[in-house]
Protein chains: 2
Amino acid sequence: MEKLLPHEVQEKLSSVPKWKLTDEKWIERKYRFRDYLKGIDFVQSVATLSEQVNHHPFISIDYKVVTLRISSWNAKGLTALDFELAAKYDEFYLRETS
Amino acid sequence: MEKLLPHEVQEKLSSVPKWKLTDEKWIERKYRFRDYLKGIDFVQSVATLSEQVNHHPFISIDYKVVTLRISSWNAKGLTALDFELAAKYDEFYLRETS
């Protein structure tokens with residue numbers, strides 16, 4: 001996939017408003033859970049999808065806060081896939097917390 | 001649990017030689033996996049135990065490298081429990097990779 005242009009990144013970002021651009025090459029979101037193990041279930045869902053599409057976000061787990069950070073290193077920046085996955089992760093989060 | 005004294009920390013560290021002391025208050029180890037989802041299974045085991053003993057390490061997943069960092073914030077440093085858990089995590093790793 002091709003690296004998005006800055007205005008394309010801004011447009012895509014508006015569709016996943018809880019994600020933040022960091023260092024121009026990454027988007028990042030923190031997800032908070034009431035229950036630690038719900039956060040771990042979420043990580044499991046994220047990981048399973050990541051493996052299916054062979055595109056793996058950086059994940060960190062600080063007790064009940066899970067942070068995801070994603071970029072396309074082979075495109076040296078953000079691609080449409082990063083934003084598609086961000087939207088999917090947001091869906092998983094809604095599922096875990098609803 | 002009580003915070004360990006520096007010489008006690010050094011003694012305990014010798015029983016988990018792959019763990020490194022960082023910032024005096026934390027111990028940390030990186031685990032490498034051949035298979036991404038094996039790393040995720042490992043995280044699941046670590047998380048389940050953490051919840052059982054109510055002591056949760058910081059976990060990060062950078063593709064096939066899982067990093068654990070642990071400390072006892074209520075003791076403001078390292079306790080015997082941190083080292084017991086480190087040894088358990090090492091056992092889980094051996095199980096996943098053998």
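Computed from a predicted model, the values in this text were never measured in an experiment.
In terms of heavy atoms, B:Tyr36 sits closest to A:Ala47 at CE2-O, 3.5 Å.
Put simply, A:Leu4 and A:Met1 are part of the same group of oily side chains (I, L, V, M, F, W, Y) that touch within less than 4.5 Å, one to the next. Hydrophobic clustering of Ile, Leu, Val, Met, Phe, Trp and Tyr side chains at less than 4.5 Å, counting indirect connections, unites B:Leu37 with A:Phe42. Side-chain heavy atoms closer than 4.5 Å link hydrophobic residues (I, L, V, M, F, W, Y) into clusters, and following such links, possibly through other members, connects A:Tyr31 to A:Leu49. Residues A:Ile40 and B:Phe92 fall within the same hydrophobic cluster, defined by Ile, Leu, Val, Met, Phe, Trp and Tyr side chains chained together at heavy-atom separations under 4.5 Å. Linking ILVMFWY residues whenever their side-chain heavy atoms come closer than 4.5 Å, directly or via other members, leaves A:Leu78 and A:Leu5 in distinct clusters.
Applying a 4.5 Å heavy-atom cutoff, the residues of residues 51-75 of chain B that approach chain A are B:Glu51, B:Asn54, B:His56, B:Pro57, B:Phe58, B:Ile59, B:Ser60, B:Ile61, B:Asp62, B:Tyr63.
Applying the side chain to side chain donor-acceptor pair (under 3.5 Å) criterion to B:Ser15, with sequence neighbours excluded, gives no partner residue.
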